[in-house]
Amino acid sequence: MLNTNTAKAVIDHALFLGADFAELFIERHHSGSVEVLSGDVDKVNSGIDFGIGIRLFFGHKVLYGYTNSQDEEKLKQVTSLLCAKDKRDQIVNAGALNLTVNSDRHPVTMPFSANNHVEEKIAFLKRVDAKARAESDKISQVISRIMQREQQIEIFNSTGLHIQDTRHYTRIASSVVATHGNEQSTGYEAPGMLSGWEFNGQVNPEALGEMAAKQALIKLGAAACPSGEMPVVIGNGFGGVIFHEACGHLLETTSVAKKASVFHDKMGEMIANPVVNAVDDGLMKNEWGSINIDDEGMETQHTQLITDGKLTSFMVDHMGSLKTGFARTGSGRRESYKYAPTSRMRNTYIEAGNDELEDMIGGIERGIYAKKMGGGSVQPGTGEFNFAVQEAYLIENGKVTTPLKSATLISTGPKVLKEISMVGKDFELAAGMCGSVSGSVPTTVGQPALKVDNILVGGGS
């Protein structure tokens, strides 16, 4: 996308002005979406964005700027502005920029740029919509959408790196509102893959609409959730959002390097119950959070974060490696050319164990089954969190009984890791978006069902 001679001239200019490291990140981003609202086509959008990010290191100081221009002089001008306060002329040239051809682990057969398939998408979404509304006359609104994007990136840096990659994303979402009198409740399902439109073959539209509708309906008339400390079984799949938010961010060098994580000095120590094994993996074929290379040009990898309860790795980007001394893990990510990369998660999950869901529930006299997790908030640095439960049930005498509403789980990441006593076999992944200092990026969360022996539950009773 960018002429190699232009890239080298700009990088050499940055080094001449005193930068210890210079990088160009070029991106062409083609995106589109189709939305159906209660049976009618509501929106069809498409757009293309292009830009170039320039990142410079002066020791541990990072300078970043971006532009939409490919002109050499414009790029040098941005570079000069970035270097203005730290300028120290030196005679240094970057190594030769030779293109590295990386392997593509994530095959795509129906790329977005080849055909938008708008009519097929509308027909698919109308099937989702019809099934959701057919579940009950209490369904008051259904919004279903398909989002696709194709991100082409090219990276040059002063070590001689020149590499390219293309990423294809497809996500299908259904949001359902159920109403009864003055009461409303919602359901939401949104599977996604690092894939082209062929992903539609893996998603049954009727099943998607039915799942979202049943989530909304089950909470209408549900009992208030009891409050207090009690055992909780957290369901598989999106239940992994708690580990992602309350623990995963604390294992990124973005926080570790600043000692803003309670785990910054715990490498090699037991930070969880020995039944817990956790991973951040960029290699999983066509998974939503997978990548061939990170946004710094490093090949991605499988990173074992926790082994039998022991902290064994952080997620490390380039600057994080310089600051902490830990080896890079291919975890440098950014939303777009408008952001400098930082260490971020990819597919982050707790691995499957040996326990059965029935045994977890059967051992609880009174507690909560958090079948489906929702959103929440986390305090950076400490891992203190509160998460809403999208679908919850009371456990009484080892049996799942009454549906509950307004359930919230409250704890800290370090504490909840040690309270996990049982890990199920029913491992599942779920797609999501993660926001941090380098923007919003596709990430996957996951886990089997887990039994947490004691956690504070906030409810309405």
Side-chain angles (χ1 to χ4, degrees), residues 27 29 31 106 147 149 151 153 167-171 173 188-194 234 237-258 260-261 263 278-284 286-296 300-303 305-306 313-317 319-320 329-350 372-388 390 413 416 428-447:
E27 177 190 19
H29 187 187
S31 62
H106 314 291
M147 298 152 284
R149 61 191 186 97
Q151 183 193 35
I153 66 167
R167 300 154 182 174
H168 306 264
Y169 295 97
T170 301
R171 197 173 191 192
Y188 182 73
E189 289 289 334
M193 292 288 283
L194 186 69
I234 302 175
F238 201 70
V241 70
I242 286 185
F243 178 79
H244 171 104
E245 292 288 359
C247 305
H249 283 298
L250 301 181
L251 301 180
E252 297 167 337
T253 49
T254 306
S255 58
V256 171
K258 297 182 289 188
S261 164
F263 298 127
V279 167
D280 183 71
D281 191 351
L283 298 173
M284 304 175 79
N286 290 107
E287 286 297 342
W288 178 250
S290 292
I291 45 178
N292 288 309
I293 58 172
D294 71 0
D295 292 325
E296 300 179 315
T300 192
Q301 65 181 45
H302 174 103
T303 305
L305 301 171
I306 300 173
S313 182
F314 294 123
M315 290 165 278
V316 188
D317 63 323
M319 180 52 71
T329 57
S331 304
R333 303 189 68 192
R334 61 181 112 196
E335 178 179 329
S336 71
Y337 67 88
K338 297 178 182 178
Y339 295 84
T342 55
S343 60
R344 303 291 298 277
M345 286 173 272
R346 298 162 298 193
N347 304 300
T348 311
Y349 55 90
I350 293 176
K372 173 86 174 180
M373 292 302 301
S377 62
V378 179
Q379 181 66 36
T382 64
E384 295 174 355
F385 65 78
N386 63 82
F387 278 95
Q390 180 77 6
V416 79
E428 191 173 286
L429 294 170
M433 296 297 294
C434 173
S436 187
V437 291
S438 59
S440 181
V441 298
T443 55
T444 303
V445 300
Q447 65 175 41

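Reckoned from all heavy atoms, side chains included, excluding hydrogens, waters and symmetry mates.
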Do [X] and [Y] have side chains that approach each other closer than 4.5 Å (heavy atoms only, starting at C-beta)?
{"X": "Phe243", "Y": "Thr348", "value": "yes"}
{"X": "Pro442", "Y": "Met433", "value": "yes"}
{"X": "Val441", "Y": "Tyr339", "value": "no"}

Would you say [X]'s side chain and [Y]'s backbone share a donor-acceptor pair under 3.5 angstrom?
{"X": "Thr303", "Y": "Leu305", "result": "no"}
{"X": "Ser255", "Y": "Ala260", "result": "no"}
{"X": "Arg171", "Y": "Ala431", "result": "yes"}
{"X": "Trp288", "Y": "Ala430", "result": "no"}
{"X": "Asp294", "Y": "Gly332", "result": "yes"}
{"X": "Arg344", "Y": "Met315", "result": "no"}
{"X": "Glu27", "Y": "Ile153", "result": "no"}
{"X": "Glu335", "Y": "Ser440", "result": "yes"}

Name all residues meeting the salt bridge (Lys or Arg N to Asp or Glu O under 4.0 Å) criterion together with [X]; count only those two or more places apart in sequence or in a different chain, and write none if there are none.
{"X": "Arg346", "answer": "Asp280"}
{"X": "Arg149", "answer": "none"}
{"X": "Arg334", "answer": "Glu23"}

Under 3.5 Å side-chain donor-acceptor pair for [X] and [Y]:
{"X": "Thr253", "Y": "Ser343", "answer": "yes"}
{"X": "Ser377", "Y": "Asn386", "answer": "yes"}
{"X": "Ser438", "Y": "Ser436", "answer": "no"}

For Asn286 and His106: C-alpha separation, side-chain torsions, deciding distance, then whether side chain to side chain donor-acceptor pair (under 3.5 Å) applies. CA-CA 5 Å; Asn286 290 107; His106 314 291; 4.8 Å; no

Which atom of [X] lies closest to which atom of [Y], heavy atoms considered:
{"X": "Thr254", "Y": "Thr342", "value": "OG1-CB, 3.5 Å"}
{"X": "Leu250", "Y": "Phe263", "value": "CB-CD1, 3.7 Å"}
{"X": "Ser331", "Y": "Thr329", "value": "OG-OG1, 2.6 Å"}

Would you please test Thr443 and Arg333 for side chain to side chain contact (heavy atoms under 4.5 Å, CB included) and show each step? CA-CA 11 Å; Thr443 55; Arg333 303 189 68 192; 3.8 Å; yes

Report the C-alpha separation of Glu252 and Ser261 in whole Å, then their side-chain angles, then the decisive distance to 0.1 Å, and conclude whether the side chain to side chain contact (heavy atoms under 4.5 Å, CB included) test is met. CA-CA 9 Å; Glu252 297 167 337; Ser261 164; over 6 Å; no

Evaluate the side chain to side chain contact (heavy atoms under 4.5 Å, CB included) criterion for residues Gln447 and His244: first the C-alpha distance (whole Å), next the side-chain angles of each, then the deciding distance (0.1 Å), finally the verdict. CA-CA 10 Å; Gln447 65 175 41; His244 171 104; over 6 Å; no

Quick one: list whatever passes ring pair (Phe, Tyr, Trp, His ring centres under 6.0 Å) with His168, sequence neighbours left out.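 So His168 forms no ring pair (Phe, Tyr, Trp, His ring centres under 6.0 Å) with any residue.
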
Ring pair (Phe, Tyr, Trp, His ring centres under 6.0 Å) against Phe385, all qualifying residues, sequence neighbours excluded: Phe387

Got a second to check how far [X]'s [atom1] is from [Y]'s [atom2], nearest 0.5 Å?
{"X": "His29", "Y": "Tyr169", "atom1": "NE2", "atom2": "OH", "answer": "8.5 Å"}
{"X": "Thr170", "Y": "Met193", "atom1": "OG1", "atom2": "CE", "answer": "9.5 Å"}
{"X": "Phe238", "Y": "Lys372", "atom1": "CZ", "atom2": "NZ", "answer": "6.5 Å"}

Among Leu194, Leu429, Thr444, Thr300, which one satisfies side chain to side chain contact (heavy atoms under 4.5 Å, CB included) with Met284?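 Going through Leu194, Leu429, Thr444, Thr300 one by one, the side chain to side chain contact (heavy atoms under 4.5 Å, CB included) with Met284 is satisfied by Leu429 alone.
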
With sequence neighbours left out, write down each residue that passes side-chain hydrogen bond (donor to acceptor under 3.5 Å, both in side chains) with Ser290, or none if nothing qualifies. Asn347

Give the C-alpha distance, both sets of side-chain angles, the deciding distance and a yes or no for side chain to side chain contact (heavy atoms under 4.5 Å, CB included) between Asp281 and Gln301. CA-CA 6 Å; Asp281 191 351; Gln301 65 181 45; over 6 Å; no

